[in-house]
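Note sheet for the following structure.
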Amino acid sequence: SYVIDQQSVVNPMLSQMQASNIGQTIVDMSSYANRYYTTNNGVNASNWLKQRWTTMAAGRSDIAVTQYTHASWPQKSVILTITGTDNPNEVVVLGGHLDSINQSGTSETTRAPGADDDASGIASLTEVLRVMVASGYKPRRTIKLIGYAAEEVGLRGSQDIAQNHKANNVNVVGVMQLDMTNYKGSVNDIYLYTDYTDNAQNTFVGNLITTYLPTLKIGYDQCGYACSDHASWTSAGYWSSMPFEAAMGEDDPYIHTANDTYANTGNQADHALKFARMALAYAVELGSDGG
Ligand SMILES: N[C@H](Cc1ccc(I)cc1)C(=O)NO
Ligand SMILES: [Zn+2]
Ligand SMILES: [Zn+2]
């Protein structure tokens, strides 16, 4: 049952969230030539994120940051775990992918800044982390923030991780994917994709938006294929949602090229801030349930 009852905790946190912080993370991540899953740049970008999240979690003994080693390529996924206080076996997952790609082929020096795809999603999650730590928020359930490796080459990092959670019978109660959050290509603000996701959870996410972000307009659409890491969790039997920046065909036209830059999303992160706020509400409302 998706009860919305944490207003006194969520609303003060929402007002602390700032687009400028999201923009800085996008700039930092897109400064690597690329974040491709097989390059040294790609490996270094993963290590950068691990260090960044580790620094942000300093002082919190309930927060651990690890890298997930994938057998057949060098770029690691990054997993931040906030262990729940009295209901830690129930797990809430929020993710985005840390890799990038250039559709013409990506070698060590090929330019693939991936500012929107998907530094924007990682940056949105990073702002969620910053505000949760600043507020001293401690969830009852365990919350995991995941930067997946190798999404662009077949959702491979999330496939490994989702299947690993399934094999270990981890009770993941919900998954949210943020892949491309900063290019406002359509009339509505947040588009909930209805294929390869869970309908009941999508309804909950819609209710979170109307409750906490009432000025935002919600759209619905379908990818028609497994278009991001949420599909790995769905195929492992978990409930996932994929809030996306635009309607199909109206998304960022620069993705998978050297022109997927912060400048090409207007050197601002106002659109991504909507997704960060939605993600915070999702994390706290689901994370605060006692079981
Ligand atoms: N294909 C996806 C992005 C993507 C997802 C949905 C739609 I509609 C259009 C584009 C991708 O590149 N993810 O990294
Ligand atoms: Zn992509
Ligand atoms: Zn993507």
Side-chain angles (χ1 to χ4, degrees), residues 22 25-26 29-30 32 34-39 41-42 45-46 49 73 75 77-78 94-106 110-126 145-159 161-162 175-197 202 218-235 240-262 264-265 269 271-272 275 279:
I22 299 172
T25 302
I26 293 171
M29 288 186 73
S30 41
Y32 291 89
N34 62 73
R35 301 190 301 278
Y36 194 56
Y37 80 122
T38 58
T39 66
N41 275 305
S46 172
L49 185 64
W73 67 87
Q75 186 182 61
S77 297
V78 179
L94 295 91
H97 67 86
L98 55 79
D99 67 315
S100 75
I101 195 169
N102 188 309
Q103 59 204 16
S104 337
T106 318
T110 309
R111 199 76 184 94
D116 194 39
D117 188 13
D118 183 32
S120 69
I122 298 295
S124 300
L125 294 178
T126 301
L145 304 185
I146 306 180
Y148 305 109
E151 185 274 346
E152 299 286 9
V153 287
L155 319 182
R156 295 175 62 183
S158 59
Q159 184 66 12
I161 292 169
V175 183
M176 175 174 280
Q177 173 73 352
L178 295 184
D179 186 356
M180 297 164 58
T181 66
N182 204 32
Y183 182 88
K184 187 177 191 299
S186 302
V187 66
N188 295 315
D189 295 292
I190 297 178
Y191 285 78
L192 302 181
Y193 275 67
T194 57
D195 52 347
Y196 301 89
T197 58
N202 290 340
I218 304 170
Y220 298 86
D221 211 336
Q222 299 198 325
C223 287
Y225 68 105
C227 59
S228 195
D229 296 304
H230 59 287
S232 294
W233 292 95
T234 299
S235 63
S240 77
S241 293
M242 211 275 277
F244 190 69
E245 69 186 14
M248 176 158 65
E250 298 182 339
D251 60 293
D252 190 330
Y254 301 106
I255 65 166
H256 304 174
T257 76
N259 300 315
D260 179 4
T261 59
Y262 189 49
N264 278 335
T265 56
H271 201 47
F275 290 80

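Counting starts at 1 for both ligands and their atoms, following the listed order. Worth knowing before you read on, the calculation uses all heavy atoms, side chains too, and leaves out hydrogens, waters and symmetry mates.
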| message | If the contact criterion is a heavy-atom separation under 4.0 Å, does Gln222 count as touching ligand 1? | response | no
| field | Thr126 versus Thr25, side-chain donor and acceptor atoms under 3.5 Å | value | no
| task | State whether His97 contributes an N/O/S atom found under 2.8 Å from the Zn ion (ligand 2). | result | no
| Where the Zn ion (ligand 2) is the centre, what is the OE1-to-NE2 angle for Glu152 and His256, rounded to 10°? | 90°
| request: Please check if the side chain of Ser120 supplies one atom and the backbone of Thr181 the other of a donor-acceptor pair under 3.5 Å. | output: yes
| message | Only heavy atoms of Met248, strictly under 4.0 Å: list the atoms of ligand 1 that pass. | response | 8 (I)
| said: Check contact between Ser228 and ligand 1, using heavy atoms of the residue and a distance below 4.0 angstrom. | reply: no
| note | ligand 1 to Met180, heavy atom cutoff 4.0 Å, flagged ligand atoms 3 (C)
| query | When Phe244 is tested against each of Tyr191, Tyr193, Phe275, Tyr183 for ring-ring contact (aromatic ring centres under 6.0 Å, His included), which residue passes? | reply | Tyr193
| message | Would the distance check show the side chain of Arg35 and the main-chain N or O of Pro113 forming a donor-acceptor pair, the cut-off being under 3.5 Å? | response | yes
| His97-ligand 1 polar pair, N/O distance under 3.5 Å | yes
| task | List the closest protein heavy-atom neighbour of atom 14 (O) of ligand 1: residue, atom name, distance to the nearest 0.1 Å. | result | Glu151 OE1, 2.7 Å
| remark: When distances are taken from atom 2 (C) of ligand 1, the protein heavy atom at minimum range is Cys227 O, 3.4 Å
| task | Check whether any side-chain N or O of Asn182 sits under 3.5 Å from a backbone N or O of Asp116 as a donor-acceptor pair, and report yes or no. | result | no
| task | Record the part of Asp118 in heavy-atom contact with ligand 1 below 4.0 Å; permitted values are side chain, backbone, both and neither. | result | neither
| query | For Asp251 and ligand 1, does the shortest N/O to N/O distance drop below 3.5 Å? | reply | no
| request: May I ask you to decide if His97's main-chain N or O and Asp118's side chain share a donor-acceptor pair within less than 3.5 Å? | output: yes
| Would you say Glu151 reaches the Zn ion (ligand 2) with an N/O/S atom under 2.8 Å? | no
| Once the angle between the rings of Tyr148 and Trp233 is folded into 0 to 90°, is it parallel (under 30°), tilted (30 to 60°) or perpendicular (over 60°)? | tilted
| request: Give a yes or no on whether the backbone of Ser228 and the side-chain of Gln177 come within a donor-acceptor separation of less than 3.5 Å. | output: no
| request: Tell me, please, if Asp117 has any N/O/S atom, main chain or side chain, under 2.8 Å from the Zn ion (ligand 3)? | output: yes
| Near Asp117, which atoms of ligand 1 are under 4.0 Å from a heavy atom of that residue? | 11 (C), 12 (O), 13 (N), 14 (O)
| request: Look at the side chain of Thr257 and the backbone N and O of Asn259, then say whether any donor-acceptor pair between them is shorter than 3.5 Å. | output: yes
| query | By number and element, which atoms of ligand 1 are closer than 4.0 Å to a non-hydrogen atom of Cys223? | reply | 6 (C)
| query | For atom 1 (N) of ligand 1, what's the nearest protein heavy atom and its distance? | reply | Tyr225 OH, 2.8 Å
| field | Protein heavy-atom partner closest to atom 4 (C) of ligand 1 - residue, atom, separation in Å | value | Phe244 CZ, 3.9 Å
| query | For atom OH of Tyr254, is the number of surrounding heavy atoms from other residues, nucleotides or ligands below 6.0 Å larger than 12? | reply | no
| query | Would you say the side-chain atoms of Asp117 pair up with the backbone N or O of Met180, donor to acceptor, closer than 3.5 Å? | reply | no
| Contact with ligand 1 for Tyr191, non-hydrogen, under 4.0 angstrom | no
